K.L.:
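There's a structure below that I have some questions on.
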Amino acid sequence: RMLESAAEIGGAGGRSLDALVQEIHQNFAKAMDDFITSAGNILDVDDSHNFNKSFFKFRSVVKDLEAQLASVLNLSFLQCPTVASQLRLLEVFEGVSSRELVQKHLKDKDQALVSSFIQELLEVKTIFNSKVRDPPMHVNLPRTVSKLLWIKGLQARITEPMEKFRRISPHSLGGDAGWQM
């Protein structure tokens, strides 16, 4: 269902990629129907060989579809230039992007995303350090309120993506790069 929704809202990043996602979803639905019809009665102990064969076939199809989906996500990442847009892409494909096979294909993209976010954190730190004594002032607001709004804006620039990281991609927070964040 999540794949279908992602394709409907244009989550893959283009018509051709959305069409690929829809095709993957249709192939999954067909494989699921085939599995249900061919598995027979799963409680029948004497006919367990039929279930095992059907399940193996279904599992093989799902692995192929996961690999296809990983390549679609790889292509979609190329169309997402910012950390926010890449996190949004992962958010659209949240249930699917946590699959082990998909994560394996997206490992380099995941590392690049973490590196980009670390750069963003360093940039915010540099901005804060350079302007902390003389922050930008809003024309119609008192000095203290202007300072508070400026700090709140910098804080939002950090906390919103970090919360998405924790929710969507908690595995990327492990290791040295995650610790550095």
Side-chain angles (χ1 to χ4, degrees), residues 1-22 24-25 66-181:
R1 178 76 189 123
M2 293 171 93
L3 280 179
E4 187 177 29
S5 299
E8 285 175 5
I9 63 170
R15 287 185 186 178
S16 62
L17 295 175
D18 288 338
L20 286 172
V21 171
Q22 283 179 335
I24 290 169
H25 177 264
E66 282 180 350
Q68 289 176 20
L69 192 59
S71 67
V72 169
L73 279 169
N74 260 330
L75 292 172
S76 297
F77 260 99
L78 296 175
Q79 297 178 3
C80 299
T82 64
V83 170
S85 62
Q86 291 174 1
L87 285 171
R88 176 67 183 132
L89 178 67
L90 288 176
E91 192 173 37
V92 168
F93 289 97
E94 186 174 355
V96 179
S97 63
S98 62
R99 306 277 302 185
E100 185 178 332
L101 185 66
V102 175
Q103 281 183 5
K104 193 182 301 181
H105 281 80
L106 293 178
K107 188 171 183 146
D108 61 328
K109 301 293 183 194
D110 199 37
Q111 290 170 346
L113 179 60
V114 169
S115 296
S116 296
F117 186 61
I118 289 171
Q119 289 301 319
E120 181 80 11
L121 291 173
L122 293 173
E123 185 177 330
V124 168
K125 181 180 177 182
T126 302
I127 290 170
F128 177 79
N129 287 336
S130 68
K131 303 258 185 190
V132 71
R133 302 249 184 256
D134 188 29
M137 293 292 132
H138 292 276
V139 178
N140 297 324
L141 295 175
R143 184 170 179 80
T144 304
V145 174
S146 291
K147 285 181 182 182
L148 290 173
L149 281 175
W150 176 70
I151 291 172
K152 187 170 176 77
L154 290 177
Q155 183 182 21
R157 194 169 161 182
I158 294 170
T159 56
E160 290 170 12
M162 191 64 183
E163 287 172 2
K164 281 188 181 182
F165 259 114
R166 285 188 182 121
R167 191 180 76 249
I168 297 167
S169 187
H171 61 275
S172 63
L173 297 176
D176 293 338
W179 181 252
Q180 189 178 4
M181 284 198 298

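Computed from a prediction, not measured in an experiment: that's the story for all the values here. Just so it is clear, the values below take in all heavy atoms, side chains as well, and ignore hydrogens, waters and symmetry mates.
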K.L.:
Just how far is it from atom CZ of R88 to atom CD1 of I168, taken to the nearest 0.5 Å?
P.N.:
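So the gap between those two atoms works out to 8.5 Å.
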K.L.:
Evaluate D110 against F77 for side-chain contact (heavy atoms from CB on, under 4.5 Å), listing each step before the verdict.
P.N.:
CA-CA 10 Å; D110 199 37; F77 260 99; over 6 Å; no
K.L.:
Rounded to the nearest 0.5 Å, how far apart are CG of N74 and CG of L78?
P.N.:
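So the CG of N74 and the CG of L78 are separated by 7.0 Å.
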K.L.:
Between atom NZ of K152 and atom OG1 of T159, what is the distance when rounded to the nearest 0.5 Å?
P.N.:
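The OG1 atom of T159 is 8.0 Å from NZ of K152, to the nearest 0.5 Å.
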K.L.:
To the nearest 0.5 angstrom, please state how far the CZ atom of R167 sits from the CD atom of E91.
P.N.:
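Answer rounded to 0.5 Å: 4.5 Å.
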K.L.:
Atom CG of L89 and atom SG of C80: how far apart are they, to the nearest 0.5 Å?
P.N.:
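Result: 4.5 Å between the selected atoms.
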K.L.:
Going by the rule side chain to side chain contact (heavy atoms under 4.5 Å, CB included), which residues pair with Q68 if we only count those two or more places apart in sequence or in a different chain?
P.N.:
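For Q68, the residues satisfying side chain to side chain contact (heavy atoms under 4.5 Å, CB included) (neighbours in sequence not counted) are I24, L65.
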K.L.:
Indicate every side-chain donor-acceptor pair of residues 133-150 with a distance under 3.5 Å to a residue at least two apart or in another chain.
P.N.:
from	atom 1	to	atom 2	distance (Å)
S146	OG	H138	N	3.2
S146	OG	P142	O	3.2

K.L.:
What distance do L113 atom CG and E120 atom CD have between them, rounded to the nearest 0.5 Å?
P.N.:
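Those atoms lie 11.0 Å apart.
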K.L.:
Output side-chain donor-acceptor pairs under 3.5 Å for residues 123-131, partner residues at least two apart or in another chain, one line each.
P.N.:
from	atom 1	to	atom 2	distance (Å)
E123	OE2	R157	NH2	2.9
T126	OG1	L122	O	2.9
N129	ND2	K125	O	3.4
S130	OG	T126	O	3.2
S130	OG	I127	O	3.1

K.L.:
Who are the side chain to side chain donor-acceptor pair (under 3.5 Å) partners of S85, not counting sequence neighbours?
P.N.:
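S85 satisfies side chain to side chain donor-acceptor pair (under 3.5 Å) with T82 once adjacent residues are dropped.
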K.L.:
Output all residues satisfying salt bridge (Lys or Arg N to Asp or Glu O under 4.0 Å) with R166, sequence neighbours left out; order by chain, then residue number.
P.N.:
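R166 satisfies salt bridge (Lys or Arg N to Asp or Glu O under 4.0 Å) with no other residue.
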K.L.:
Check I158 against F117 and note the closest heavy-atom contact, atom names and distance.
P.N.:
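Of all heavy-atom pairs spanning I158 and F117, the closest is O-CZ, 3.6 Å.
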